[in-house]
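Report on the structure given below.
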Amino acid sequence: MTSALRIGVLALQGDVREHAAILTSLGAEAVAVRRPEQLAELDGLVIPGGESSVIDKLSRIFGLRDPLRALIAEGLPVYGTCAGLILLADEIEGAIDGQLTFGGLDVTVARNAFGGQVESFETELQVEGIEDPVAATFIRAPLITRVGPKARAIAALADGGVVAVEQGNLLGTSFHPEMNGETRLHARLLEVAEARRAALAA
Ligand code: GLN
């Protein structure tokens, strides 16, 4: 029997606990990541929702930004939700002064594209590769306004606005699946992480 996949949840700010609970329920070992030396041992990583500019700043203060960028470039499987998607985007619209992203996804995202907290909403979405509709909660969510040639849109709202993308080992959603106990996007991350672990071991 192989050991459980070790999946980090970037725990600088945001909704860390919900992601860890889903990962554990799927049989993975969830690790709250705050220090650079924790990164080396991971089979995958979730970057949670929260406030992308704060997570960006803290990642620099904690020395996580550069090692994380290197791991993303090497193919670490990463799933970013909401602020986490913003942090994975190569380009952002509506950034605060000096705000950086880790990058990796060949997309542009517009921060707070649906308005403020009161404009939060829930909907059901068809996501490519997932059979039944996904319960999706949008909270001050970003919209993916450009999908570059390396990335692929895997879900859109009724008006065509792209809200989920995949690119190699990277997955990003504008919405929070964890608020509704939706586990299938995390399951997808685990599949990718399992495949990568097998490839690295071969
Ligand atoms: N608006 C937030 C940001 O720009 C994201 C909101 C969220 O993660 N729920 O970081």
Side-chain angles (χ1 to χ4, degrees), residues 7-23 30 32-34 44-62 64-65 68-69 72 78-125 127 134-147 151 153-157 161-167 170-186 188-189:
I7 307 294
V9 183
L10 191 61
L12 300 175
Q13 189 259 343
D15 65 330
V16 174
R17 247 183 319 170
E18 292 83 352
H19 289 284
I22 291 179
L23 292 166
V33 172
R34 294 191 187 84
L45 179 72
V46 172
I47 306 179
E51 178 56 42
S52 56
S53 59
V54 173
I55 298 175
D56 162 40
K57 250 184 223 151
L58 292 174
S59 77
R60 289 189 253 169
I61 293 168
F62 284 66
L64 282 155
R65 176 183 162 77
L68 192 46
R69 279 169 59 82
I72 291 170
V78 184
Y79 172 30
T81 62
C82 204
L85 162 68
I86 296 170
L87 283 152
L88 283 178
D90 282 344
E91 249 174 40
I92 43 179
E93 291 166 14
I96 67 160
D97 232 16
Q99 180 174 358
L100 300 177
T101 71
F102 303 133
L105 281 175
D106 182 13
V107 298
T108 304
V109 300
R111 293 182 66 213
N112 304 322
F114 301 95
Q117 196 84 29
V118 285
E119 268 87 48
S120 297
F121 61 99
E122 277 182 52
T123 188
E124 295 216 317
L125 284 174
V127 178
V134 163
T137 303
F138 290 78
I139 304 166
R140 299 202 308 118
L143 181 68
I144 301 161
T145 53
R146 179 191 64 91
V147 180
I154 57 167
L157 294 168
V162 175
V163 290
V165 286
E166 199 163 42
Q167 180 183 328
L170 303 178
L171 177 64
T173 62
S174 299
F175 54 87
H176 295 262
E178 76 285 359
M179 303 264 166
N180 309 73
E182 172 62 66
T183 61
R184 290 169 293 172
L185 288 145
H186 295 76
R188 189 140 156 171
L189 172 71

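Start at 1 with the first residue, then count along the sequence. Note that ligands are numbered from 1 as they come in the structure, with each ligand's atoms numbered from 1 the same way.
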Heavy-atom nearest neighbour of atom 2 (C) of ligand 1 within options G50, S174, A83:
G50
Of the backbone atoms (N, CA, C, O) and the side-chain heavy atoms from C-beta on, which set of R140 has a member under 4.0 Å from an atom of ligand 1: side chain, backbone, both, or neither?
both
T81 and ligand 1 - part of the residue with a heavy-atom distance under 4.0 Å:
neither
Which one of I22, V134, V46, T81 satisfies the side chain to side chain contact (heavy atoms under 4.5 Å, CB included) criterion with L185?
V134
F102 and V78: side-chain contact (heavy atoms from CB on, under 4.5 Å), yes or no, with the steps?
CA-CA 11 Å; F102 303 133; V78 184; over 6 Å; no
Could you check whether E93 and T108, counting side-chain N and O atoms only, form a donor-acceptor pair closer than 3.5 Å?
no
Side-chain donor-acceptor pair under 3.5 Å between D106 and Q167, yes or no?
no
Distance filter under 4.0 Å to [X] heavy atoms, resulting ligand 1 atoms:
X    : answer
R111 : 3 (C), 4 (O), 10 (O)
I86  : 3 (C), 4 (O), 10 (O)
G49  : 8 (O)

Give me the residue, atom name and distance of the protein heavy atom closest to [atom].
atom                    : value
atom 7 (C) of ligand 1  : C82 SG, 2.7 Å
atom 1 (N) of ligand 1  : N112 OD1, 2.6 Å
atom 10 (O) of ligand 1 : S52 N, 2.5 Å

I139 to ligand 1: N or O pair under 3.5 Å?
yes
Salt-bridge test for R17 and E178: reply yes if a basic N is under 4.0 Å from a carboxylate O, no otherwise.
no
Please work out whether the ring planes of H186 and H19 are parallel, tilted or perpendicular, with thresholds of 30° and 60°.
tilted
Provide the closest heavy-atom pair for V109 versus P142 in the form atom of the first, atom of the second, distance.
CB-CB, 4.3 Å
